[in-house]
Protein chains: 4
Amino acid sequence: MGEQVAVLGAAGYAGAVAGALLHRHPHFELAYVTARSDAGVRLDEVHPRTRVPLVLEEYDRDRHSQVDAAVVAYPHGAAAPVVAELRERGVRVVDLSADFRLHSRAVYEDWYGAHPAPALVGEAVYGLPELHRSEIAGAGLVANPGCYPTAAILALAPLARAGLLGDVVIDAKSGVSGAGREPTHDKHFVSVDETVKPYKVGRHRHTPEIEQELGNGVRVTFTPHLVPVAHGELVSCYVTPAGEADVGALYEMYDGEPWVEVVEGPPGMQEVRETNFCRISVHSDERTGRIIVFATIDNLWKGTSSQAVQNLNLMFGRDESEGL
Amino acid sequence: MGEQVAVLGAAGYAGAVAGALLHRHPHFELAYVTARSDAGVRLDEVHPRTRVPLVLEEYDRDRHSQVDAAVVAYPHGAAAPVVAELRERGVRVVDLSADFRLHSRAVYEDWYGAHPAPALVGEAVYGLPELHRSEIAGAGLVANPGCYPTAAILALAPLARAGLLGDVVIDAKSGVSGAGREPTHDKHFVSVDETVKPYKVGRHRHTPEIEQELGNGVRVTFTPHLVPVAHGELVSCYVTPAGEADVGALYEMYDGEPWVEVVEGPPGMQEVRETNFCRISVHSDERTGRIIVFATIDNLWKGTSSQAVQNLNLMFGRDESEGL
Amino acid sequence: MGEQVAVLGAAGYAGAVAGALLHRHPHFELAYVTARSDAGVRLDEVHPRTRVPLVLEEYDRDRHSQVDAAVVAYPHGAAAPVVAELRERGVRVVDLSADFRLHSRAVYEDWYGAHPAPALVGEAVYGLPELHRSEIAGAGLVANPGCYPTAAILALAPLARAGLLGDVVIDAKSGVSGAGREPTHDKHFVSVDETVKPYKVGRHRHTPEIEQELGNGVRVTFTPHLVPVAHGELVSCYVTPAGEADVGALYEMYDGEPWVEVVEGPPGMQEVRETNFCRISVHSDERTGRIIVFATIDNLWKGTSSQAVQNLNLMFGRDESEGL
Amino acid sequence: MGEQVAVLGAAGYAGAVAGALLHRHPHFELAYVTARSDAGVRLDEVHPRTRVPLVLEEYDRDRHSQVDAAVVAYPHGAAAPVVAELRERGVRVVDLSADFRLHSRAVYEDWYGAHPAPALVGEAVYGLPELHRSEIAGAGLVANPGCYPTAAILALAPLARAGLLGDVVIDAKSGVSGAGREPTHDKHFVSVDETVKPYKVGRHRHTPEIEQELGNGVRVTFTPHLVPVAHGELVSCYVTPAGEADVGALYEMYDGEPWVEVVEGPPGMQEVRETNFCRISVHSDERTGRIIVFATIDNLWKGTSSQAVQNLNLMFGRDESEGL
C-alpha cells in the first residue's frame with residue numbers, strides 16, 4: 001500500500017485538482033482533504049469533476065501523524081505556519097504557495113512583507129523537476145513553483161544556461177482559474193468574457209521567482225494578462241541575446257524529459273489542457289536579431305497541481321510520471 | 001442630401017460594419033453594396049446585425065459614376081484594380097486593404113510581392129486621422145490603416161516623436177474577426193475556444209506599416225496572438241527608451257482628440273467594443289527602466305470600418321465624429 | 001430642453017445601460033445617478049462602456065424634486081419604498097424590479113412574500129409597449145417586465161389572443177448578466193465557461209408574470225438555463241394548440257411594430273445584441289402537431305433597460321424609438 | 001497482448017478521441033488510423049491532444065485482416081460500405097455513423113434516403129450499454145448511438161419502461177464539436193460566440209433513433225440548439241406523464257451502473273466534460289404536473305467515442321470501464 005497523503009485547502013481550484021490526481025493515483029492514498037469555508041461538504045459536491053467522495057474536514061494538526069506527505073494549497077502567508085506544523089511532525093510537504101520559493105529572505109520581504117516562517121526557508125527546494133530533480137528527491141519541503149514561473153523558466157532556462165539572456169521581456173496570458181476561486185468583480189463572467197486585460201503591470205510577485213531561477217542577475221519585464229479561458233497559460237518571451245549560439249541545440253537539454261515538448265510551434269494552450277506537459281517553441285526574428293520563445297502549460301496542472309504530484313513521485317522514489 | 005457612398009465587398013466583416021455605419025449615417029447615403037459569392041442576398045440576411053435591407057450586388061464598374069465615394073473592402077491585391085477604376089471615374093476612395101499603405105514600393109514588394117497598381121501609390125494618404133488629419137481632408141485615395149498598426153502607432157507615436165524608441169517589442173492580441181469571415185480550420189470555434197495561440201511569428205505583414213509610421217528607421221518585433229474573442233484588439237508595447245523624458249506629458253498630444261482616451265489603465269478590450277475609441281495607458285517598469293504602453297481598439301471599428309467613416313467625414317468636410 | 005431623469009441603482013448592469021441610453025438620448029437629460037456601494041465613483045469608471053462621466057451619488061430623497069422621471073434599478077423588495085417616495089413627490093417612475101408587475105397581491109405574495117407597498121399595486125401599468133402602449137402613455141408608474149417575460153410573452157401573445165395555448169413549455173436560455181453584477185461562485189468565469197446549466201427548476205419567479213399576461217388561466221412550465229454568454233436571451237416555446245388556426249397570420253399583429261421582427265428563423269441571440277429588438281420565428285412540428293416559437297432579445301436591452309427608455313418615450317409623448 | 005483495433009476516419013473529432021482512448025488503453029492495441037484529406041500526417045499533428053504519434057494512412061481494405069476490430073468514424077452513408085468490407089473479413093465493428101442504428105429500413109429511408117447496405121441492418125445491435133449490454137457482448141456490428149439519443153434515451157428510459165411517456169418535448173443544447181470538424185460559416189468562431197441558436201427545428205435525424213429506443217410508438221418533439229461550448233451536451237426533457245408513479249424509484253434502475261450518475265441536480269455540462277459519464281436529474285413541476293428530466297454528457301465521449309470503447313470492452317469480454 002502506498003504512502004498516505006493529505007491535501008490541505010482542497011476546496012480551491014489547485015487543491016481540488018491535487019485531490020483528484022491523488023485519489024486516482026495508482027500508488028499514493030488520498031488520506032483526507034481539508035477546507036475552511038466548505039468543511040462538512042463532500043469534495044465532489046464542490047468540484048464534481050474531481051469525483052472524490054471524501055468529506056472536506058476542518059484543519060486538525062492532530063491528524064498530521066496519520067500521513068506521510070501533504071500538499072498545502074493555502075494562500076501565501078497562511079501556508080507557512082501549517083507547513084511548519086507538518087514538518088515538526090515529520091510530514092513531507094509540497095507547498096503550493098509562494099512562502100518558500102525564494103531563497104533570499106530579503107527578496108521575499110521586498111515583494112511580500114515579513115516572512116512568516118524564516119527558519120524553514122533554507123530547507124526548501126524549488127520544485128521544478130526539470131531543473132532540480134535530484135534535490136527534490138531528497139527534500140522534506142518542496143516549494144512548488146508558481147504557474148507563470150513554471151512556463152517562463154522552462155522557456156528560458158536553455159538560454160540562461162548558455163549565458164544568452166541579454167534582455168528579457170515576458171508577456172504572459174493566463175486563464176481565469178489562475179486568479180483563484182473566490183468570487184470577485186474581476187472574475188465575474190461578464191467582466192472576463194470577450195476581453196483581454198493586463199494586470200499588476202510591473203509588480204507581479206512571480207517576477208523575483210523567475211529571476212532567481214534564471215540567475216546571473218537577470219532582470220525581466222514581466223506582464224501578465226487575463227484572457228477568457230478557464231485554464232491555460234502562455235508566455236511569450238522576447239530575448240535580445242547577449243551573444244551568438246546555436247539556439248536550437250540548446251533546447252536539446254529537454255531531450256528525454258517526459259513532460260517537456262519542444263515543437264516547431266507556435267503552441268496553443270489547448271494542446272496541453274489538463275495535462276502535465278509544457279510545450280515550447282523557439283523562433284528567431286531575423287529582422288531584429290531577437291529570440292522569441294513561447295511556452296504553454298495548464299496553469300492548474302503543470303503550473304500547479306500535477307507538478308505537485310510529479311514532485312511527490314520524485315520525493316517517494318516513484319516513477320516521476322506515475323498517475324499523471 | 002449627402003454624398004452617395006458605395007461599399008464594395010460588403011459581405012465580409014469589415015464591409016458589413018462599414019455598410020451598417022453608412023446606412024445609419026446622418027449625412028452620407030449608402031448607395032449600394034456589392035459582394036462576390038453572396039451577391040443577390042440582402043446584407044441583413046448575411047449579417048442581421050447591420051439591419052441594412054439592401055441586396056448585395058455584383059461588382060459593376062458602370063455604377064461608379066453614381067457615387068461620390070467608395071469604401072473598398074477587398075483582400076490586398078484584389079483591391080488595387082478596383083481602386084484604380086474608381087479613381088479613373090473621380091470617385092474618392094477609402095481602401096481597407098494594404099495595397100496603398102506603404103509609401104515605399106520596395107518595402108511593399110518585400111512583404112507582398114509585385115505591386116498591383118504602382119501608379120497610385122504616390123497619391124494615397126495613410127488614413128490615421130490623429131496623425132494625418134489635414135492630408136486626409138484633401139485626399140482622393142485614403143489607405144485605411146491595418147488594425148494592428150492603428151493600435152500600435154497610436155500607442156507609440158508620442159514616444160516616436162520624442163525620439164525615445166530605442167527598442168520596441170509589440171505583443172498583440174486579436175479577436176478572431178480580424179482573420180476574416182472565410183471558414184477555415186483555424187477559425188473553427190473548437191480551434192479557437194479555450195486557447196491563445198501566436199501566429200505569423202516574425203513575419204506579419206503589418207510590421208512594415210508600423211515601422212513606416214513610427215519613422216526614424218525603427219525596427220520592431222511584432223507578434224500577434226489569436227484570442228477567443230469575436231472582436232477586440234490589445235497591443236502591449238515594451239520600449240527601452242533611447243533617452244529620458246516626462247513620458248506622461250508626451251501623451252498630452254492626444255488632449256482634445258475625440259477618439260483617443262488616455263487612461264490610468266491598464267485598459268481591456270471590452271471598454272472599446274463596437275466603438276471608434278482607442279484607449280491607451282502608459283506605465284513605467286522601474287526595475288528595468290522600460291516604458292510599457294497598452295492600447296486597445298475594436299479591430300472592426302477603429303481598427304477598420306469606423307475609422308474608414310472617420311476618414312470619409314474628414315474627406316467631405318464633415319465633423320470627424322459624425323455617425324460614429 | 002427635455003425632461004430630467006434620474007437613474008437610481010446605476011452601478012448594476014441594468015442601471016448602467018439605462019444611464020448610458022439616457023445620457024446620449026436626444027431629448028431626455030440624465031440628471032443624476034445613484035448607487036450604494038459605489039457612491040463617489042464615476043459611472044464610467046465602474047462601467048467604462050457607458051461613457052457617462054457623472055459621479056454616482058448616495059440615494060437622497062430630497063433630490064426627487066429635481067426630476068420629472070426616474071428609472072429605479074433596485075432588487076425586488078428594495079425598490080418599492082423608493083418608488084413610493086418618488087411617487088409621493090409626483091415623479092413618474094419606470095421600476096425595473098418585480099415589485100409592481102403582478103396585479104394580484106395574492107399571486108405576488110405566493111412567490112415573493114409580503115408585498116412592500118401594496119397601495120401602489122393598483123396604479124402600476126405592465127410596461128410591455130407592444131401589449132399596453134396606451135396605458136403606458138398615461139402612467140405614473142410603469143412596472144418594467146422581467147427579461148424572460150418580455151421574450152416569452154411576445155413569443156406567445158398571438159397564440160394567447162387566439163385562444164390556442166393548450167399546453168405550454170418554455171425552455172429559456174440566458175446570458176450571465178441576467179443574474180446581476182454581484183460576484184458569486186455561480187457567476188465566476190470558471191463556473192460558467194464551457195457549460196450550460198438549468199436553474200430554479202419549476203420555481204423561477206418570472207413564471208406568474210408570464211401567466212398573468214398570457215391570461216385565460218394558462219399554466220406554463222418555465223425552465224431557465226444559464227449559458228456562457230454575457231448578455232442575450234432565447235426562449236424556446238413548445239405549444240400544444242388548443243385548436244386550429246393559420247398561425248402565420250396571427251403573428252401579423254406585429255406588422256408595423258418597430259421593435260419586433262418576425263423572421264423565418266430560427267433566430268440567434270447575436271442578431272439582437274445591444275438592441276431593443278425582439279426577434280421571433282414560428283414553426284410547426286408536423287409530426288407531433290406542436291407549434292414551436294422562438295424569441296430572442298438582449299436581456300439588458302429589450303429585456304430591461306432599452307425597454308425602460310421605450311416606456312419613458314411613451315410616457316412623455318415622444319417617438320417610442322427615440323434614442324434607441 | 002490485446003486485440004488489434006483500427007480507427008477509420010481518425011482525423012475528425014470523434015475518430016481522434018477514439019484513437020486517443022485506444023492508444024492509451026491498457027488492453028487493446030491501436031493498430032492503425034486512417035484519414036482521407038489528412039493522410040500522411042501524424043494524428044498528433046492534426047490533434048495534438050491525442051498524443052498519438054501514428055501517421056494517418058489512406059483507407060486500404062487489405063489491412064483489415066490485420067485487426068480484430070475497427071471503429072468506423074465516417075459520415076452516414078459513407079460508413080456502410082466500409083463496414084460491409086470489414087464484416088466480410090470477420091472484423092468486429094463499432095460504427096459511429098447512423099447507418100445501422102435504425103432497425104426499420106422504412107424509417108431509415110424516411111429520414112436518410114436509400115439505405116447503403118440493407119443486408120447488414122438485421123445484424124446490428126444498438127450500442128447503448130445500459131440498455132443492451134448482453135446483445136452488445138455478442139455482436140459483430142455495434143451501431144454506436146448518436147450523441148443526442150444517448151442523453152435523451154438514458155434520461156427517459158425509466159419513464160418509458162414504466163409506460164409513463166404521455167407526451168415528450170426534448171430541448172437539447174450541444175457544443176460545436178457535435179457539428180463536426182469541417183469548416184463552415186456556421187462553425188466560425190464569430191458565428192458561434194456569444195449566441196445560442198436553434199437548428200434543424202422539427203427535422204433533426206436523431207429523432208427516429210430516440211423514438212425507436214423509447215418504444216411504444218412515442219412521438220417526441222426534439223429541438224437542438226447550438227451553444228458556445230466546444231464539447232458538451234444537455235437535454236432538457238419535459239414529460240406529461242401518462243399515469244402516476246414513484247418517479248424517483250424508477251431511476252433506481254441505474255443503481256450500480258458505472259457511468260450513469262443520478263444526482264439531485266440540475267447538472268451542468270462541465271461536470272461530465274471529457275468523461276464517459278451521463279449525469280441525470282429528475283424533477284417534478286408541481287404546478288403543471290410535468291416531470292422534467294435533465295441529462296448531460298460530453299458529446300464526443302459518452303455521446304460518441306468513449307461509449308465506442310465501452311462497447312468494445314463489452315464485445316471482447318473486458319471490464320466495461322477499462323481504459324475510460
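Chain letters run A, B, ... following the sequence lines, proteins first, then strands; residues in each count from 1. Excluded from the calculations below are hydrogen atoms, water molecules and symmetry mates; all remaining heavy atoms, backbone and side chain alike, are included.
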Counting heavy-atom pairs closer than 4.5 Å to chain D, which one of [options] comes out on top?
options	result
C:Ser191, C:Ser284, C:Gly175, C:Ser281	C:Ser191
C:Asp171, C:Thr223, C:Val220, C:Ile292	C:Asp171
C:Thr221, C:Asp167, C:Val227, C:Val169	C:Thr221

field: Residue part contacting chain D, namely of C:Glu271, when any heavy atom lies under 4.5 Å
entry: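 Contact with chain D: side chain only.
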message: Need one label for C:His231: side chain, backbone, both or neither, based on atoms under 4.5 Å from any heavy atom in chain D.
response: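 Answer is backbone: N, CA, C or O of C:His231 sit under 4.5 Å from chain D.
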- request: Give a yes or no on whether D:Glu182 atom CD has more than 12 heavy-atom contacts from other residues, nucleotides or ligands under 6.0 Å away.
  value: no
Look up atom [atom1] in [X] and atom [atom2] in [Y], then write down how far apart they are to the nearest 0.5 Å.
X	Y	atom1	atom2	value
C:Phe222	D:Thr288	CZ	OG1	13.5 Å
D:His225	C:His225	NE2	NE2	9.5 Å
C:Lys197	D:Gln270	NZ	CD	8.0 Å

Side chain, backbone, both or neither: which part of [X] has an atom under 4.5 Å from a heavy atom of chain C?
X	value
D:Val218	neither
D:Arg273	side chain
D:Val196	both

Using a cut-off of under 4.5 Å on heavy-atom pairs, state which of [options] scores highest against chain C.
options	answer
D:Ala230, D:Gly232, D:Gly202, D:Gly268	D:Gly268
D:Arg203, D:Glu286, D:His283, D:Met269	D:Met269
D:Thr207, D:Val201, D:Thr195	D:Thr195

field: Exercise: identify the closest heavy-atom pair between C:Pro267 and D:Pro198
entry: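 The pair with the smallest heavy-atom distance is O-CD, 3.3 Å.
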message: Any salt bridge linking D:Asp285 with C:Arg219? Criterion: basic side-chain nitrogen under 4.0 Å from a carboxylate oxygen.
response: no
